[in-house]
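Below you'll find the structure I mean.
Note: hydrogens, waters and symmetry copies are ignored here, and every other heavy atom, side chains too, is used. All residue numbers in this chain count up from 1 along the given sequence.
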Amino acid sequence: MSLTGTPFLYTLVVLCVVAVALPLALWSRVGGPRIVRGAARVLMVLFAQGTAVALVFTLVNNSNQLYDNWGDLLGTSDHVHEAADLGASGTGGIALEKLPRLRQTFKQAKGPGMRTEGGVLVTHLKGRVSGVHAEVNVWLPPQYHQPAYRNHRFPVVEVLPGYPGSSKAWYGTMDAPQQLAPLMRSGQIEPFIIVSPRTTLLPGKDTGCANIPGKVNADSWLSIDVPKMVRDNFRAQAAPDGWAVAGYSAGAHCAAKLAVAHPDRYRAAVSMSGYNDPAAVPQSLAGRSPALRAANNPYELLKDSRVPPRVALYLSGQPNDGYEAAMALRRIAKAPTTVNVVFVPTDAGGHTMALWKPQVVPAFRWLSEVMGDEHRTGTAPGTTPLAPSTAGSRHAELASGTASPADAARRP
């Protein structure tokens with residue numbers, strides 16, 4: 001029975017009803033010696049508490065899409081088949097341009113939000129460089145199958161969840177297709193292909209989107225294997241100008257790190273409530289040593305870069321939850337690196353999906369500004385020109401709460 005499926009949820013609801021009814025019906029009717037009666041009543045109480053806790057957990061999990069299946073929850077899912085030392089480039093010396101075209105079989109994805117606005121496609125990808133074998137979800141914009149766009153190549157945004165987090169979260173809880181599709185049709189937002197690969201690759205560990213020989217090659221999975229598969233199977237634009245990466249929480253850290261580390265693979269990144277030092281997450285494998293921390297810290301990568309990367313960063317955060325890390329990146333960024341920081345007040349909510357979901361549209365408006373104009377050599381037949389973005393007004397709107405960005409920025 002699926003962890004996130006309706007049958008499991010309904011089963012828990014029924015069990016909760018039974019757990020309440022049992023003591024009411026049997027409490028005074030339990031027979032036998034005193035110790036037996038006591039044990040039976042204790043078991044009824046434990047059963048009631050257990051089913052209540054399980055139901056609440058399931059509702060929270062379904063709402064936030066933290067664990068996708070029983071393997072993720074129980075820590076038995078291992079998607080790493082090998083983790084060779086791939087070197088600083090993450091390629092292991094493989095000539096990527098010489099790899100044969102990879103044809104994948106896709107099917108309709110299941111789960112909350114996976115059938116809205118044309119539906120989400122899913123495939124199981126065996127990463128030829130990273131050694132990771134896992135699912136990748138792909139959502140195609142409304143224009144993709146229109147005749148006027150049959151020769152058009154689309155920009156891509158690779159979206160990443162937090163940890164723990166499901167690869168379906170951006171389509172389900174975040175409602176990205178439902179929010180963005182109408183704006184894509186009206187020309188207010190660029191028609192992006194939205195790709196969400198699995199990021200929980202090892203049981204009970206946050207890979208920190210890092211390459212760690214002998215453990216996992218998460219960086220190469222996200223920045224090499226997944227993009228190549230998408231370009232091989234869909235009309236996707238070439239890297240780096242046609243590619244961006246976005247995430248929230250741990251996925252936000254990964255988004256900034258991947259873009260800064262690989263300006264040859266990504267043009268832009270969106271980071272919502274992110275952090276720079278991977279050691280901020282105790283389960284992060286990338287925070288286990290000073291060398292790994294430095295190699296996967298976007299602040300250190302920017303600071304030590306001989307040539308500032310040509311990437312654009314959109315960083316949003318609250319005091320003590322992403323804002324200070326964003327300001328640190330903005331302070332050290334040098335052209336052509338650009339950093340756009342959005343302050344989110346404390347009264348906007350905490351570190352939850354409710355905080356990040358309303359940021360999807362402003363973030364994709366910004367991505368449209370950064371990536372759309374550069375790629376238009378002419379308007380494709382049937383294309384509605386992008387309407388002026390209101391993303392700039394988001395700063396004042398978000399900064400209208402009880403905390404001030406100036407106060408937050410002064411904090412260490």
Side-chain angles (χ1 to χ4, degrees), residues 63 65 106-123 135-161 166-197 226 230-231 233-237 242-248 251 255 267-270 272 314 316 353-373 375-376 379-391 394:
S63 176
Q65 293 187 281
F106 292 82
K107 62 182 181 180
Q108 171 66 55
K110 298 178 181 179
M114 304 301 276
R115 293 185 179 273
T116 61
E117 294 293 348
V120 178
L121 302 173
V122 64
T123 189
E135 81 272 7
V136 181
N137 302 287
V138 179
W139 179 79
L140 302 173
Q143 291 91 333
Y144 191 87
H145 295 295
Q146 294 177 5
Y149 286 81
R150 61 182 177 274
N151 297 318
H152 185 74
R153 292 194 173 272
F154 294 82
V156 182
V157 181
E158 197 171 351
V159 293
L160 311 176
S166 166
S167 63
K168 300 176 181 179
W170 275 84
Y171 312 109
T173 308
M174 294 284 278
D175 282 335
Q178 191 170 353
Q179 292 191 70
L180 298 173
L183 299 175
M184 291 179 181
R185 292 190 187 95
S186 64
Q188 298 179 61
I189 286 179
E190 189 82 8
F192 290 100
I193 296 173
I194 300 178
V195 178
S196 181
V226 172
V230 173
R231 289 192 294 268
N233 289 271
F234 300 96
R235 298 195 310 278
Q237 291 183 1
W243 281 74
V245 58
Y248 58 83
R267 174 71 181 90
V270 170
M272 296 184 284
Y314 177 103
S316 70
M353 294 290 197
L355 179 70
W356 304 314
K357 181 178 175 179
Q359 299 184 51
V360 170
V361 169
F364 272 76
R365 287 187 185 277
W366 176 84
L367 284 171
S368 296
E369 290 181 348
V370 170
M371 301 174 65
D373 292 339
H375 304 295
R376 275 193 172 80
T379 303
T383 304
T384 304
L386 284 177
S389 171
T390 59
R394 189 68 175 165

Q: Evaluate the ring planes of F154 and Y144, with Trp represented by its six-membered ring, and classify them as parallel (under 30°), tilted (30 to 60°) or perpendicular (over 60°).
A: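 Ring orientation, 0 to 90° scale: tilted.
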Q | Donor-acceptor under 3.5 Å (R153 side chain, G242 main chain) | A |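 Checking the backbone N and O of G242 against the side chain of R153, no donor-acceptor pair under 3.5 Å is found.
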Q.
Could you measure the distance from the CD atom of Q188 to the CG atom of L180? Nearest 0.5 Å is fine.
A.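 It is 11.0 Å, given to the nearest 0.5 Å.
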Q. A109 and R115: which non-hydrogen atoms are nearest, and at how many Å?
A.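 Scanning both residues completely, I find the closest heavy atoms to be O-CG, 4.4 Å.
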(Q) Can you confirm whether L140 sits close enough to H145 that some side-chain heavy atom of one is under 4.5 Å from a side-chain heavy atom of the other? (A)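 Yes, their side chains come closer than 4.5 Å.
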Q: To the nearest 0.5 Å, tell me how far E117 CD sits from I194 CD1.
A: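 E117 CD to I194 CD1: 10.5 Å, rounded to 0.5 Å.
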Q. So which heavy atom on A255 is nearest to which on A269, and how close?
A.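 Distance-wise, the nearest heavy atoms are O-CB, 3.4 Å.
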(Q) With a 4.5 Å cut-off on side-chain heavy atoms, are M114 and N137 touching? (A)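 N137 vs M114: side chains touch.
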Q) Is there a side chain to side chain contact (heavy atoms under 4.5 Å, CB included) between Y314 and V370 once you walk through the steps? A) CA-CA 10 Å; Y314 177 103; V370 170; over 6 Å; no
Q: Work out which heavy atom in P177 is nearest to a heavy atom in W170; give both atom names and the distance.
A: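 Closest approach of P177 to W170: CD-O, 3.9 Å.
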Q) With under 30° as parallel and over 60° as perpendicular, where do the rings of F364 and F192 fit, or are they tilted in between? A)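 If you compare the ring of F364 with that of F192, the planes turn out perpendicular.
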Q | E369 side, atom CD; I189 side, atom CD1 - distance, nearest 0.5 Å | A |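 Here the interatomic distance stands at 10.5 Å.
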Q.
Is it the case that the side chain of Q108 and the backbone of V120 share a donor-acceptor pair, with hydrogens and angles ignored and the cut-off at 3.5 Å?
A.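 At least one qualifying donor-acceptor pair exists.
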Q) Do V157 and V195 touch side chain to side chain, with heavy atoms closer than 4.5 Å? A)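 Side-chain contact under 4.5 Å: no.
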(Q) For the NZ atom of K107 and the OG1 atom of T123, what is their distance to the nearest 0.5 Å? (A)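 One gets 9.0 Å once the value is rounded to the nearest 0.5 Å.
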Q) Does V159 reach the side chain of W139, with side-chain heavy atoms less than 4.5 Å apart? A)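 The answer is no, as the side chains (C-beta and beyond) never meet within the 4.5 Å cut-off.
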Q) Any side-chain heavy-atom pair from P161 and Y248 closer than 4.5 angstrom? A)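 Yes. Closest side-chain heavy atoms under 4.5 Å.
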Q: May I ask you to test the D175-V360 pair for a side-chain heavy-atom distance under 4.5 Å?
A: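 Not in contact.
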Q.
I'd like to know if the side chain of W243 and the backbone of A236 have a donor-acceptor N/O pair within less than 3.5 Å.
A.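 Side chain of W243 to backbone of A236, a donor-acceptor pair under 3.5 Å: no, none is there.
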Q) Can we say E135 and K168 salt-bridge, meaning some charged N sits less than 4.0 Å from an Asp/Glu carboxylate O? A)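 Here E135 does not pair with K168 in a salt bridge, since their nearest N and O are not under 4.0 Å apart.
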**Q.** M174 side, atom CE; Q179 side, atom CD - distance, nearest 0.5 Å
**A.**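 With rounding to 0.5 Å, CE (M174) is 8.0 Å from CD (Q179).
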Q.
Keeping S196 on the side-chain end and S167 on the backbone end, is there a donor-acceptor pair under 3.5 Å?
A.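 Checking the backbone N and O of S167 against the side chain of S196, a donor-acceptor pair under 3.5 Å is found.
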Q. Taking atom CZ of R267 and atom CE of M371, what is their separation to the nearest 0.5 Å?
A.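 So the CZ of R267 and the CE of M371 are separated by 8.5 Å.
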Q. Short question: side chain of Q143, backbone of M184 - any donor-acceptor pair under 3.5 Å?
A.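 Yes, because the side chain of Q143 sits within donor-acceptor range (under 3.5 Å) of the backbone of M184.
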Q: Decide side chain to side chain contact (heavy atoms under 4.5 Å, CB included) for R231 and V156; before the verdict, give the C-alpha distance in whole Å, the side-chain angles of both, and the deciding distance to 0.1 Å.
A: CA-CA 10 Å; R231 289 192 294 268; V156 182; over 6 Å; no
Q) Quick one: do the T116 and Q178 side chains pair a donor with an acceptor below 3.5 Å? A)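 Looking only at side-chain atoms, Q178 and T116 do not form any donor-acceptor pair under 3.5 Å.
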Q) What heavy-atom pair brings M353 and P358 nearest, and what distance separates the two atoms? A)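 Taking M353 first and P358 second, the nearest heavy atoms are O-CD, 4.4 Å.
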